[in-house]
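Step one of this worksheet: look at the structure below.
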Amino acid sequence: MKVNKSRRKFLGRAAAGVTAAAIVTPRSLEALALGAQAARGASAQAHTSKPPLAVSSSNGVAAVTKAVEVMHAGGDTLDAVIAGVNIVELDPKDNSVGYGGLPNEQGVVELDASVMHGPTRRAGAVAALRGCKTPSKVAKAVMEHTDHILIVAEGAREFATALGFEDENLLTEESRIAWLRWKETLSKEDKWGPSPYVPAPASPAGQRRIALERERPSFLLADRYTGGNFERRDELLAWADEVAHKPPTGTINCIALDASLDISGVTTTSGLAWKIPGRVGDSPLIGCGLYVDNEVGAAGSTGRGEEVIYSNGAHMVVEYMKRGSSPEQACLDALKLVAARYGNDLDKLKDVDVNFYALNKRGEFAGAAIWNGSFARNGELRRRQFAAAPDGGKGRLFESAYLFERKA
Ligand code: GLY
């Protein structure tokens, strides 16, 4: 492999935070170069805020606004972030968190959540919890009412029931249609989807009906649900197709700093759509999807949980901040750990989506992602963003720093 001298020197600097064992390919050189550019460019626009401050993933504009309101009213930082994410957990339109989250492979919604309370240096979490729209509250109850940190699956459900959380249906009709669409497109060999045995239609109407059902197998369900609104039905089917083939790895992380410089955080999710029942992502794992050190700062993650578990992401971000990195540099350095596991090969990383969010005690905050964005169906680049409510104000979106740029 030929590498010119200046590039070699540059690589040495850029790769300082990357594992020494990473195999360096020509494509990885390009990747590291982009990473360093992004880090330099973004640090020019570092964000700082007076407390109270709340930071979240991009689905949390309302959540950070609420969290800051709670802190303004004298509320505790953990109560503030939980009140914020409850808005998203209860929103049936967010298909990656709480009620309306996309289900597991059996059509059952299973939720993961964790909380960390900086002032008391404690944490609580639940994983694979069924039937509770607000797992963040159950995670807090684990912290407050038990000697444990993480309770999972059936045990989590029994714990939630004991604490008075009702057992509710979390599957919305939209999520059900997406799940059935996934099932019927899984394989031609299973029995879901239109039968391969097609009778000769007895009339033109029968012919049209068979053609329609074969073209859009979930048509009947979607048509019934949208009650004759054809535009809505077609939108729903297009969305169901998209998530069936490319399941989202949403989630919400929210971290906050108050005027006393206390810090807390929460991460809550329905996890990976169509997962094997019992799969646990990074969100409920302390040090992976969430970490708080009241002396330093807080960090959380969204995206492909398996990567964040491998890298112990949130803990690494806080650890980097403890050693003096800015929140943004700390997030980028933790993302480099993820990229290094793939030898910094952009082809291998193309479907790997990981985002970190961080704030420190000085009120500096950031969001960073592996990629600068993703392409929408219309070919437009949707830039990676995060939400923050700085200086005790309302929430708005900020552009994330990133390691790599997608080319159209
Ligand atoms: N980051 C959410 C999950 O992978 O479950």
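Whatever order the structure lists them in is the order used to number ligands and atoms, beginning at 1. Keep in mind that what you see is a predicted model, and the values were worked out from it rather than measured. Throughout, numbering of the chain's residues begins at 1 and tracks the sequence.
For residues 53-62, the pairs satisfying side chain to side chain donor-acceptor pair (under 3.5 Å) are Ser57-Asn59, Asn59-Asp94, with sequence neighbours left out.
Separation of the Phe159 and Phe165 ring centroids does not fall under the 6.0 Å cut-off. Within the 6.0 Å centre-distance limit, the rings of Phe404 and Trp371 are counted as a close aromatic pair.
Judged purely by atom type and a 3.5 angstrom limit, Asp282 has no side-chain atom pairing as donor or acceptor with the backbone of Val308. Between the Asp262 side chain and the Asp258 main chain, no donor and acceptor come within less than 3.5 Å of each other.
For the residue pair Ser270 / Glu110, no side-chain donor-acceptor distance below 3.5 Å is found, with atom types taken as modelled.
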Between ligand 1 and the protein, tabulate every N or O atom pair separated by less than 3.5 Å, reporting distance only.
unit_1   : atom_1 : unit_2 : atom_2 : d
ligand 1 : 1 (N)  : Asp282 : OD1    : 2.7
ligand 1 : 1 (N)  : Gly303 : O      : 2.7
ligand 1 : 4 (O)  : Arg279 : NH2    : 3.0
ligand 1 : 4 (O)  : Gly303 : O      : 3.3
ligand 1 : 4 (O)  : Gly305 : N      : 2.9
ligand 1 : 5 (O)  : Arg279 : NH1    : 2.7

